[in-house]
Amino acid sequence: MRNRREILAAAAVGIAAPALLRRAWAQQDAIEIGSLVSLSGTFANIGEQVDIGSKVAFDYYKTAAGKPLRYVQMDDQGDPGRAVRLTQDAIRDRGIRFFMNCTNSAIALAVAKEVANSGGVYINQAGADEMTGSLCNKNTFRWPVATYSAVNTTVRPFMKQFPDAKKWYTITGQYVFGDSLLKNLKDVLGELGGQHIGNSYHSLSDREYSGFITAAIAAQPDVLCICNFGSQTIDVLRQAVSFGMKRNTKIVVVWSTGLDQFQSLGPDICEGVYFGANYWHGVDTPGNRLLSGVIKEKLKVTPSYLLTAGWACTQATVEALNKAGSTDVPAVIKAFETLSFEGPTGLEKVRAEDHQVLKDYYLLLGKPKAKMRDKDDYVEVLSAEKAFLSPDKTGCKL
Amino acid sequence: MTNASPRFPNGTTVAIGAILVALPWVLPSLTLASEILVVATGALSCTLLLGSVGLLSFGQGLYFGLGAYVSAILIRDFGMNASVAALAASVAGCLLAAAAGLLIVRRQGVYFVMLTLAFAQMGFFLALAFPKLTAGENGLGNVPRTTIAFGKFALSSPGLLYAFLALLCFAAFAIVQRIIASPFGSVLNSIRHNDNRSEALGYDVRRFKFAAVTIAGGIAALAGAMNTLMLSFVPLSAVDVETSERLLIASLIGGVGSPLGALVGATVLGAMSDFLSPVWPRWSMIVALLLIVVVLFLRDGLLGLGSVMGRHRKEAPNG
């Protein structure tokens, strides 16, 4: 009997030992940073690119706060529930305190709560306004802009350029993100004297939009505005162009992921279309020169938004750790809150009141194929602006 | 299920209890063990329907999602404890399944399957259509770690959370085993074999099917509530068709011949997902392959592996 107990105890120690050793080793040697990326499941195409961008940044920076960095890949399979579970494991079993990345807002919001409860730090690429709004927390930061910024930095300069384009029709994804874009668009149109003459909602699962597009054509708008994201943006735009909408209507896509979408669409479809984007590789800033150089050297490709998003979250974390000079979480949060760094879009600053990274958002115009200087030169940059909701209006209480 | 009604409690009850105790020791992560309990309980609802009555449901995710949302709202907005929230979620699942059951048990075969799928789709879009209640695709967050009951035993410790989930899971398995061993279970078994003959014997087949659908809905909703307790959060994916598929696949892989199959299937699926995904992003192909093998060669799932191998050994020529 005693022998059996001893065997069981030894087995239990054997099972637990790797986790304990891993934790002790991690704490002594390196700063482990957990990266939430969907490498399988619905969002694998996004996760893979973000993962690659982050890994390239880890290879480049190598250390932070005087310690080596270690990248801990966490495949959430596109499932927020699994992301939460992996985060719990990483915190408990490996003692990881720093996290980054996400492939959709639901994952980011769920992980943000978990990281905040355990006293870690998390920076992500969520699109949902709630991330730096009603669901913000002390431990979480967001790199891309919110929907308010995306709409204001695309629609305002567009309307300035085309004051006669008054009648707007929208095709909107019927989910929180699409609705946020639509609401902000209506606000801007109301303020600038535009007229919202109609909207067609599509669901998250829709792939065929001809009905919505014929409704838009029948309304005879000056502008067709597409308020959705991802592959649905590509499908709506492709079908709108094939229905001939570009001939007598201007098309504005307020939220695009830039290069990867342009490559899917091709120059003929992109030509003459206005896109809003968080990043464009052609922008000449010190941070972008660095990023482009490293990505081109390591991967032999032009950086896309997704690669850049992975890089940017790594860079911000490294900068904050260096500024704090330690891995003490309150010190790193404090460093984050006053952080200002040469990021991919120029000088980027973190706003302490809601933990939003203040950065440029671009209005881009698709070029004719004949004017493209290289195979990735799809657009010209019409404007680069920062427009953020004032902290007292975001609903964020830290 | 076998033709003769098994006794309760029996060896399977002991095996289920032993697996629940062993999981946290065998697996590298307590949260993985907790997730397996959630999937096992959800898969049990498919096992009950398919194994006992022969009803293939593609819609158990609907009740799973309902249980998840109901428990989250009760805990977050009404300050209820985990036991009450789980019980209320199960009752809500039973009620919804009863309402749906009134319609779906009127059809058989592929029509029954399509109706369950349609209800599941409807549930997903309802969750999307009421973002103020469900938080839409952002997921329902800020669910606090509550206590088990009477303000005692806070579920903030992962060990205690696992123990509580294991208790709920064991209770669900015990109820299903008890049902199968009862005269009611015998009638369900006879309906699975031949519902026309059962009807000719005087049993109201629709009523029995209705009862099975209702109970299965309650069990799936309990699994949803367990998921909420584990995550403190309800993702929209809790109510999507993929959840229904996942529960069904877990039950099929384990085998619908015994409730134990649900636990075996959930364990195999959970372990594969955790161990294979860091190695190979396309690991889901292995699950698909396993499902094909099970459907073609292991009609009783992985639980039937032993008997299949035994049969082959007997049939093999000596020497």
Side-chain angles (χ1 to χ4, degrees), chain A residues 8 11-12 15-16 18-19 37-42 44 47-48 51 72-93 104-114 117 126-131 134-135 137 173-179 203-205, chain B residues 24-36 38-39 68 121 124-125 128-129 131-132 134-145 156-159 161 227-228 230-238 240-243 246 270 273-274 276-285 287:
Chain A
L8 282 172
I15 290 167
V37 280
S38 311
L39 299 176
S40 46
T42 318
E48 279 170 11
D51 181 53
V72 180
Q73 187 188 67
M74 296 157 67
D75 176 13
D76 57 42
Q77 297 169 13
D79 176 5
R82 185 176 160 82
V84 167
R85 199 172 71 61
L86 291 177
T87 308
Q88 290 173 347
D89 277 353
I91 292 165
R92 193 178 311 126
D93 298 340
N104 68 49
S105 296
I107 289 174
L109 289 166
V111 170
K113 180 88 193 315
E114 206 59 43
N117 285 343
D129 291 351
E130 291 86 345
M131 183 52 70
S134 58
L135 297 177
N137 68 53
Q174 194 166 29
Y175 30 77
V176 177
F177 181 73
D179 266 330
S203 77
L204 199 59
S205 57
Chain B
W25 298 96
V26 175
L27 295 170
S29 137
L30 204 55
T31 56
L32 172 61
S34 300
E35 188 186 69
I36 286 171
V38 171
V39 177
Q121 285 277 25
F124 176 77
F125 286 109
L128 262 182
K132 283 189 180 155
T134 65
E137 73 268 21
N138 283 349
L140 192 66
N142 289 331
V143 182
R145 291 249 178 247
S156 47
S157 144
L161 175 65
N227 198 47
T228 300
M230 180 180 78
L231 299 175
S232 297
F233 167 72
V234 186
L236 182 64
S237 60
D240 70 8
V241 176
E242 261 184 56
T243 298
R246 192 173 172 207
S273 145
D274 234 52
L276 293 178
S277 76
V279 182
W280 191 39
R282 307 286 176 257
W283 63 274
S284 309
M285 282 174 66
V287 175

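Chain naming here is simple, since letters A, B, ... match the order of the sequence lines and numbering starts at 1 in each.
Of the atoms belonging to B/L32, heavy atoms from both backbone and side chain fall under 4.5 Å from chain A. At a 4.5 Å heavy-atom cutoff, the contact between A/L135 and chain B is made by side-chain atoms alone. Neither the backbone nor the side chain of B/V38 comes within contact range of chain A; no heavy atoms are under 4.5 Å apart. Proximity to chain A is absent for every atom of B/N227, based on heavy atoms less than 4.5 angstrom apart. Of the two parts of B/S277, the backbone and the side chain both hold a non-hydrogen atom closer than 4.5 Å to a non-hydrogen atom of chain A. Of the atoms belonging to B/W283, it is side-chain heavy atoms, and not backbone ones, that fall under 4.5 Å from chain A.
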Worked check of side-chain hydrogen bond (donor to acceptor under 3.5 Å, both in side chains) between B/N138 and A/S105: CA-CA 6 Å; B/N138 283 349; A/S105 296; 4.7 Å; no
Please assess B/L236 against B/L140 for the test side chain to side chain contact (heavy atoms under 4.5 Å, CB included), listing each intermediate value before the final yes or no. CA-CA 8 Å; B/L236 182 64; B/L140 192 66; over 6 Å; no
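Between B/T228 and B/V143 the shortest side-chain heavy-atom distance falls below 4.5 Å. At a threshold of 4.5 Å between non-hydrogen side-chain atoms, the residues A/D75 and A/V37 do not count as touching. Side-chain contact between B/T134 and B/L128: absent, with no pair of heavy atoms (C-beta onward) separated by less than 4.5 Å.
Taking a 6.0 Å sphere around CD of B/E242, one finds it holds 12 or fewer heavy atoms contributed by other residues, nucleotides or ligands.
Listed options B/T31, B/L231, B/D274 were ranked by heavy-atom pairs under 4.5 angstrom with chain A; first place goes to B/T31. Of the listed residues (B/S29, B/S237, B/G139), the one with the most heavy-atom contacts under 4.5 Å to chain A is B/S29. Chosen from A/A126, A/S203, A/P80, A/A83, the residue pairing most often with chain B at heavy-atom distances under 4.5 Å is A/P80.
A side-chain donor from one of B/S273 and A/R82 sits under 3.5 Å from a side-chain acceptor of the other.
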